[in-house]
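First listed ligand is number 1; within each ligand, the first listed atom is number 1. The model shown is predicted, which means the values in this text are computed figures rather than measured ones.
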Amino acid sequence: MLSDLVSGALADAAERRSIRPLAEVEAAALARPAALDAVAALEPAERVKIIAEVKRASPSRGALAEITDPAALAVSYETGGASAISVLTEQRRFRGSLDDLEAVRAAVGIPVLRKDFIAEPYQVFEARAAGADLVLLIVAALEQPLLAELHELIHSLGMTALVETHSAEEVERALDLGPSVLGVNARDLSTFELDRDLFGRLADRIPAGVVRVAESAVLRPADVAHYRDAGADVVLVGEALVTGGDPIQTLESFLNAQSDPAQAESAEASTTAGERA
Ligand SMILES: O=C(O)c1ccccc1NCC(=O)[C@H](O)[C@H](O)COP(=O)(O)O
């Protein structure tokens with residue numbers, strides 16, 4: 001359940017706060033060099049853009065990959081053409097950490113997303129202190145006024161929020177924030193079911209000027225083309241990049257998928273990205 005994931009993330013944050021109090025993390029956040037402009041990095045272009053994720057494990061799939069050097073993986077993502085890196089920092093089910101984020105930040109020159117179950121200001125300050133440029137806010141996990149407060153805090157620290165939705169009602173709640181970047185996650189975060197067509201059903205509700213991100217369920221180049229055809233500016237890819245052999249080649253096949261349908265077909269035949277059971 002999503003609520004369990006949020007509770008776990010908050011319990012872990014409370015433990016970290018007992019060691020490193022808010023004032024200290026806030027000072028570290030303010031001392032960081034300015035965040036990179038994630039909106040500029042993700043703005044619509046001729047080709048779809050990719051946020052590539054450092055993902056060791058997940059609640060729906062269990063262990064995915066032994067990632068001993070997240071910074072090296074992120075560098076290969078950048079080399080392969082990713083526009084931003086997503087780092088899962090949740091520890092219990094995803095085996096991530098803020099250390100991963102800090103290492104990735106130091107290694108790449110593109111924006112870095114803290115992907116976690118953010119539900120209190122302390123976690124936002126931690127994100128900035130570790131060097132994040134983008135922070136995930138999951139609408140389904142946050143009531144008002146907390147959602148708006150966290151959104152405002154992210155922007156006041158110079159970062160960008162990726163506001164994630166999974167229904168028309170959540171898109172409306174997200175738009176009330178005036179977001180720059182709005183995601184539709186194909187994965188229901190409580191049942192883990194995937195619906196690759198959800199993005200297409202919701203995309204028209206996202207106005208021009210807001211970067212549209214299709215999240216999850218990309219296994220092959222044709223899935224990228226599917227999201228692009230439905231209006232995605234950006235796709236966020238995790239599992240296929242950590243389980244699919246050479247991440248640079250996989251990324252290149254994904255980036256080429258939308259510009260040339262014939263190439264997409266041939267890339268699909270050769271890509272090593274594995275099919276989910
Ligand atoms: O991935 C999961 O199983 C999961 C379960 C519950 C909450 C969040 C979860 N994942 C976070 C994500 O949304 C994905 O890591 C991300 O969008 C990439 O998805 P994919 O390409 O399908 O690995």
Side-chain angles (χ1 to χ4, degrees), residues 1-10 12 42 48-65 67 70 73-74 77 80 82-97 100-101 104 112-119 134-142 161-167 170 181-199 212-224 226-227 232 234-244 247 250-251 253-255 257 271-277:
M1 289 284 290
L2 178 58
S3 55
D4 295 334
L5 292 165
V6 175
S7 306
L10 284 174
D12 288 346
L42 299 177
V48 79
K49 293 182 175 176
I50 293 182
I51 301 175
E53 187 155 279
V54 176
K55 186 174 189 179
R56 288 195 178 86
S58 79
S60 63
R61 303 283 290 156
L64 291 171
I67 301 171
L73 179 62
Y77 288 165
S83 294
I85 310 291
S86 166
V87 182
L88 282 156
T89 56
E90 197 273 351
Q91 301 163 24
R92 297 176 182 219
R93 307 296 298 276
F94 295 88
R95 302 189 196 163
S97 70
D100 286 352
L101 195 150
V104 168
V112 178
L113 164 70
R114 179 179 189 187
K115 202 152 198 289
D116 207 321
F117 300 93
I118 303 293
L134 275 155
V135 178
L136 183 73
L137 288 180
I138 301 171
V139 171
L142 296 164
L162 166 53
V163 185
E164 177 178 305
T165 64
H166 187 70
S167 69
E170 288 176 17
V181 183
L182 195 153
V184 175
N185 199 334
R187 180 175 289 108
D188 181 316
L189 301 189
S190 288
T191 65
F192 307 153
E193 276 172 32
L194 295 170
D195 178 358
R196 225 176 254 124
D197 295 323
L198 180 66
F199 179 86
R212 300 171 180 186
V213 185
E215 301 175 47
S216 306
V218 168
L219 294 177
R220 55 178 77 81
D223 299 329
V224 178
H226 179 71
Y227 280 141
V234 179
V235 295
L236 193 154
V237 188
E239 180 173 338
L241 292 174
V242 297
T243 60
T250 306
L251 265 172
S253 72
F254 287 175
L255 284 164
T271 188
T272 49
E275 177 63 273
R276 278 196 182 99

Considering only heavy atoms of [X], which atoms of ligand 1 have at least one such atom less than 4.0 Å away?
| X | result |
| --- | --- |
| Glu53 | 14 (C), 15 (O), 16 (C), 18 (C) |
| Leu236 | 16 (C), 17 (O), 18 (C) |
| Glu239 | 20 (P), 21 (O), 23 (O) |
| Val237 | 21 (O) |
| Ser58 | 1 (O), 2 (C), 3 (O) |

side-chain contact (heavy atoms from CB on, under 4.5 Å) partner of Leu142, the single match among Val163, Leu137, Ile118: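 With Leu142 as partner, side-chain contact (heavy atoms from CB on, under 4.5 Å) holds for just one option, Leu137.
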
Only one of Arg187, Glu53, Arg196 clears side-chain contact (heavy atoms from CB on, under 4.5 Å) with Ser216; which?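 For Ser216, the side-chain contact (heavy atoms from CB on, under 4.5 Å) test succeeds with only one of Arg187, Glu53, Arg196, which is Arg187.
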
Heavy atom of Lys115 under 4.0 Å from ligand 1?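 Lys115: in contact with ligand 1 (<4.0 Å).
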
Could you tell me whether ligand 1 has any atom less than 4.0 Å away from a heavy atom of Pro59?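 Distance cut 4.0 Å: Pro59 passes for ligand 1.
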
Ligand 1 N/O within reach of [X] N/O, cut-off under 3.5 Å:
| X | result |
| --- | --- |
| Leu88 | no |
| Arg61 | no |
| Glu164 | no |
| Leu189 | no |
| Ser216 | yes |

Side-chain touch Leu73/Val242, heavy atoms, less than 4.5 angstrom: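 Yes. Closest side-chain heavy atoms under 4.5 Å.
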
Do Lys115 and Glu164 have side chains that approach each other closer than 4.5 Å (heavy atoms only, starting at C-beta)?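 A side-chain contact exists here, since the closest heavy-atom pair is under 4.5 Å.
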
Between [X] and ligand 1, which part of the residue brings a heavy atom under 4.0 Å of the ligand: side chain, backbone, both or neither?
| X | value |
| --- | --- |
| Asn185 | side chain |
| Leu5 | side chain |
| Ala240 | neither |
| Arg93 | neither |

Could you work out, with side chain to side chain donor-acceptor pair (under 3.5 Å) as the rule, every residue matching Thr165, not counting sequence neighbours?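 So Thr165 forms no side chain to side chain donor-acceptor pair (under 3.5 Å) with any residue.
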
Once side chain to side chain donor-acceptor pair (under 3.5 Å) is applied, do any residues pair with Asp197, and if so which ones, sequence neighbours excluded?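 With neighbours one apart ignored, the set is His226.
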
Quick one: OG on Ser83 to CG on Leu236, what's the gap to the nearest 0.5 Å?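 Output value for this atom pair is 11.5 Å.
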
Before giving the answer on side-chain contact (heavy atoms from CB on, under 4.5 Å), spell out for Val54 and Tyr77 the whole-Å C-alpha distance, their side-chain angles and the decisive distance to 0.1 Å. CA-CA 9 Å; Val54 176; Tyr77 288 165; 4.1 Å; yes

Mind telling me whether Tyr227 and Phe199 have parallel, tilted or perpendicular rings, with 30° and 60° as the class edges?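 It falls in the perpendicular class, over 60°.
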
Might you work through the side-chain contact (heavy atoms from CB on, under 4.5 Å) test for Asp223 and Val235, ending with a clear yes or no? CA-CA 10 Å; Asp223 299 329; Val235 295; over 6 Å; no

